[in-house]
Visitor: 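Pasting a structure below so you can have a look.
From a predicted model like this one, the values you see are computed outputs, not experimental measurements. These values consider heavy atoms only, across backbone and side chains, with no hydrogens, waters or symmetry-generated copies. Indexing begins at 1, ligand by ligand and atom by atom, following the structure's order.
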Amino acid sequence: MQRIAVIGAGIAGLGSAMALAAPDREILVIERDAAPPADLEATFESWDRKGVTQLRHSHVFLGRLFSLIRDRHPRLLQMLLASGVRELDFEVGLPAPLRGSYKKVPGDENLSILFSRRTTLEHVMRDYVRSLPGVKFISETLVRGLLIEHGEPLRVAGLVIERESGAREDLSTDIVVDASGRNTLCTDWLRENGCVIDEEESPAGILYFTRHYRLRDHQDEPPRDGTPGAGDLGYIKFGVFPADNRHFSITLAVPEIEFALRTSIVRPETFDAICAKIPGCARWTNPARAEPVTKVFAMGNLKNIWKRWVRDGEPEVLGFFAVGDAALRTNPLYGRGCSSAVMHAHILADVLAATSDPTARAMEFEKRTWRELHPFWEALRKQDLSAIRRAKNEQNPNYKPRLKARLIKSFADDAITPASRGDIKVFRALMPAFHMLEKPGRFLLRPGIMARVFWVWAQPKSRKAHLYPPKLGPDRGEMLRQLGLKGAPA
Ligand SMILES: Cc1cc2nc3c(=O)[nH]c(=O)nc-3n(C[C@H](O)[C@H](O)[C@H](O)COP(=O)(O)OP(=O)(O)OC[C@H]3O[C@@H](n4cnc5c(N)ncnc54)[C@H](O)[C@@H]3O)c2cc1C
């Protein structure tokens, strides 16, 4: 029997256990927090999850995760759907002008989103993982260190764990998977032992604020009338996240430099007042339709991080693999983290199956992680830098964009947006990268897409007026004035 220890039972840890479980393996999932209560609502209301600060923030699960679960873990998909998790398929997500004329084509079946509270997804995933052969959870147990064999390179041979009673013990392993998330200590422990782990960091530039709601009895979700449920007002980004069992949440992401807004938005009355001024949120939070069920959760320290475990063509460590947020982090706004974490775990499983040589495993894991995940990370990093610039410009009433910036904005607003809202081929071409099913930036290269987008760009605005989305919400000055906040232009 091969023994694999997985540190953390978050999404990457559960994904790793799912991907690695096999009759000839013992998989020990070591988790600092207690197991969830048996009931889904109790899990949402009271599961104490100190190890996952983002547990009660809005989560959405993209097509990559959906299709991976459907294809490799069909029983899990059944369990999720039976627990109230919902599949929003490609057709339901079509922009209003495209509804009615839709014909399904192969590939559309992968472009589904799973709507669920994170607590529900994690709870059901955990039940599924518990039923797999050889998997054992060791809960309320903290990993305190790595057992390291010194050599060139280092080899991780096990873990030091601390039980709830405070008792410490050594656990020898064949492989350690670090799925301990954004605050992993493994990187530090390895560095203290001489590993050189390069790390690239780039700001996300926003703070996250989330509130959960429940539909009132006899009320339904608002009809999909074309009012966007997500958008970017420049000084605030908003998103409605439908979820399971009549729940939904709203996230408002505020640029770090919007000081007055970010300090007042945690007050429930301010949060709801902002929602009431954004039509895409207001139709959900209308008090006749839904009631808030939580406070406003806030989260900062959001960054893009990428770590490298191979240097100058040599692995820095053997027998150790970091997956999910422990290895790379992206801005949560794009909803990529969970897809990325579970993909990463499956890359690891493929690599371990392909070779038993420890050096080859380390090299191949690094190579495939780079090839399959880095393009998304890099695209999001650049997107964040441009959003940070935009937020700064929003605060400057005298800002006049240069020609290049005006062209880029016009291409986004007057070409891509109306083209994707009025031409199913353009919309369909955009979706695979959004869902992490295709590398970013390729959609314009698909046959005929560039010509279709340019054709729409060339049309006068009056001819494509019906293809623009409705106004997303008030501009910055208006919003701050209405909320009585500092920073509003006189
Ligand atoms: C505000 C916010 C919103 C997000 N929204 C989305 C979204 O909409 N869609 C999406 O796909 N992603 C989203 N993400 C990203 C997603 O939450 C993460 O990418 C994902 O949780 C990563 O999984 P993980 O297992 O690596 O880390 P986590 O899920 O954080 O799990 C880490 C686990 O390790 C445990 N642990 C840590 N240290 C130890 C230790 N020493 N010993 C034992 N156990 C330990 C923790 O208790 C925890 O259970 C969001 C992130 C944030 C911050």
Visitor: Among all protein non-hydrogen atoms, which one is nearest to atom 9 (N) of ligand 1, and what is the separation to 0.1 Å?
Guide: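 For this ligand atom, the closest protein heavy atom is Val60 O, 2.8 Å.
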
Visitor: Answer yes when Glu199 and Arg191 have at least one side-chain N-carboxylate O distance shorter than 4.0 Å, and no when they do not.
Guide: yes

Visitor: Sequence neighbours excluded, which residues qualify as salt bridge (Lys or Arg N to Asp or Glu O under 4.0 Å) partners of Glu192?
Guide: none

Visitor: Are Arg262 and Phe209 in a cation-pi setup, meaning NZ or CZ lies under 6.0 angstrom from the ring centre and within 45 degrees of the ring axis?
Guide: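 Arg262 over Phe209 ring: no.
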
Visitor: Only heavy atoms of Thr141, strictly under 4.0 Å: list the atoms of ligand 1 that pass.
Guide: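 Checking each atom against Thr141, I get 43 (C).
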
Visitor: Tell me the protein heavy atom at minimum distance from atom 11 (O) of ligand 1, and give that distance in Å.
Guide: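 Nearest protein contact, heavy atoms only, for atom 11 (O) of ligand 1 is Cys338 N, 2.7 Å.
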
Visitor: When the aromatic ring centroids of Trp284 and Tyr213 are compared, is their separation below 6.0 Å?
Guide: no

Visitor: To which of Gly8, Ala12, Ala179, Ala9 does the heavy atom nearest atom 32 (C) of ligand 1 belong?
Guide: Ala179

Visitor: Is the ring centre of Phe427 less than 6.0 Å from the ring centre of Phe90?
Guide: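 They qualify: ring centres under 6.0 Å apart.
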
Visitor: Could you tell me the residue and atom name of the protein heavy atom closest to atom 45 (C) of ligand 1, and the distance to it rounded to 0.1 Å?
Guide: Arg32 CG, 3.6 Å

Visitor: Taking the side chain as everything from C-beta on, heavy atoms only, tell me whether Glu221 gets closer than 4.5 Å to Leu215.
Guide: yes

Visitor: Does the ring centre of His346 sit less than 6.0 Å away from the ring centre of His73?
Guide: yes

Visitor: Hey, which atoms in ligand 1 end up nearer than 4.0 Å to a heavy atom of Ile30?
Guide: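 Listed by number with element, the hits are 43 (C), 44 (N).
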
Visitor: Run the numbers for me: atoms of ligand 1, each under 4.0 Å from some heavy atom of Ser58, listed by number.
Guide: 3 (C), 4 (C), 5 (N), 8 (O)

Visitor: With backbone taken as N, CA, C and O and side chain as the heavy atoms from C-beta onward, which portion of His57 lies under 4.0 Å from ligand 1: side chain, backbone, both, or neither?
Guide: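 Within the 4.0 Å criterion, His57 contacts ligand 1 through side-chain atoms alone.
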
Visitor: Considering non-hydrogen atoms of the protein only, which is the closest contact for atom 3 (C) of ligand 1, and what is the distance?
Guide: Pro332 CB, 3.3 Å

Visitor: Using modelled atom types and a 3.5 Å cut-off, is there a donor and acceptor pairing between side-chain atoms of Asn304 and backbone atoms of Asn331?
Guide: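 Such a contact is found between Asn304 side chain and Asn331 backbone.
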
Visitor: List every atom of ligand 1 that sits less than 4.0 Å from any heavy atom of Gly335, numbering the atoms from 1 in the order shown and giving each element.
Guide: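 Those atoms are 7 (C), 8 (O), 9 (N), 10 (C), 11 (O).
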
Visitor: Do His344 and Phe365 make the cut of ring centroids closer than 6.0 angstrom?
Guide: yes

Visitor: Could you check which of Ser249, Gly181, Ala341 puts a non-hydrogen atom nearest to atom 27 (O) of ligand 1?
Guide: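 The option holding the nearest heavy atom is Gly181.
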
Visitor: Checking the N or O distance criterion of under 3.5 Å, is ligand 1 in contact with Ile11?
Guide: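 The answer is yes, given that Ile11 and ligand 1 share an N or O pair closer than 3.5 Å.
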
Visitor: Have a look at Arg182, Gln54, Glu31 and point out the one with the heavy atom closest to atom 30 (O) of ligand 1.
Guide: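 Looking at heavy atoms only, the winner is Gln54.
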
Visitor: For the side chain of Glu291 and the backbone of Arg214, is there at least one donor-acceptor N/O pair under 3.5 Å apart?
Guide: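 Between the backbone of Arg214 and the side chain of Glu291 there is no qualifying donor-acceptor contact (under 3.5 Å).
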
Visitor: Taking distance alone, with no angle check, do Val52 and ligand 1 share an N/O pair under 3.5 Å?
Guide: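 Between Val52 and ligand 1 (N or O atoms, distance only) the closest approach is not under 3.5 Å.
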
Visitor: Do the non-hydrogen side-chain atoms of Ile236 and Ile265 ever get within less than 4.5 Å of each other?
Guide: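 Yes. Closest side-chain heavy atoms under 4.5 Å.
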
Visitor: I want to confirm something. Looking only at heavy atoms, which of Met436, His59, Arg144 is nearest to atom 16 (C) of ligand 1?
Guide: His59

Visitor: Give yes or no for whether the N/O distance cutoff of 3.5 Å, strictly under, is met between Ile7 and ligand 1.
Guide: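 Between Ile7 and ligand 1, no N or O pair is found under 3.5 Å apart.
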
Visitor: Does the Lys NZ or Arg CZ of Arg117 fall within the cation-pi geometry relative to Phe44 - under 6.0 Å from the ring centre and within 45° of the axis?
Guide: yes

Visitor: To which protein heavy atom is atom 1 (C) of ligand 1 closest, and what is the distance rounded to 0.1 Å?
Guide: Tyr208 CD2, 3.3 Å

Visitor: What residue and atom, counting heavy atoms only, is the protein's closest point to atom 38 (N) of ligand 1, and at what distance?
Guide: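 For atom 38 (N) of ligand 1, the nearest protein heavy atom comes out as Ser180 CB, 3.5 Å.
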
Visitor: Closest non-hydrogen protein atom to atom 20 (C) of ligand 1, residue and atom name please, with distance?
Guide: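 Closest protein heavy atom to atom 20 (C) of ligand 1: Arg118 NH1, 3.8 Å.
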
Visitor: For atom 19 (O) of ligand 1, which protein heavy atom lies nearest, and how many Å away is it?
Guide: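 Scanning the protein heavy atoms, the shortest distance from atom 19 (O) of ligand 1 goes to Asp325 OD1, 2.8 Å.
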
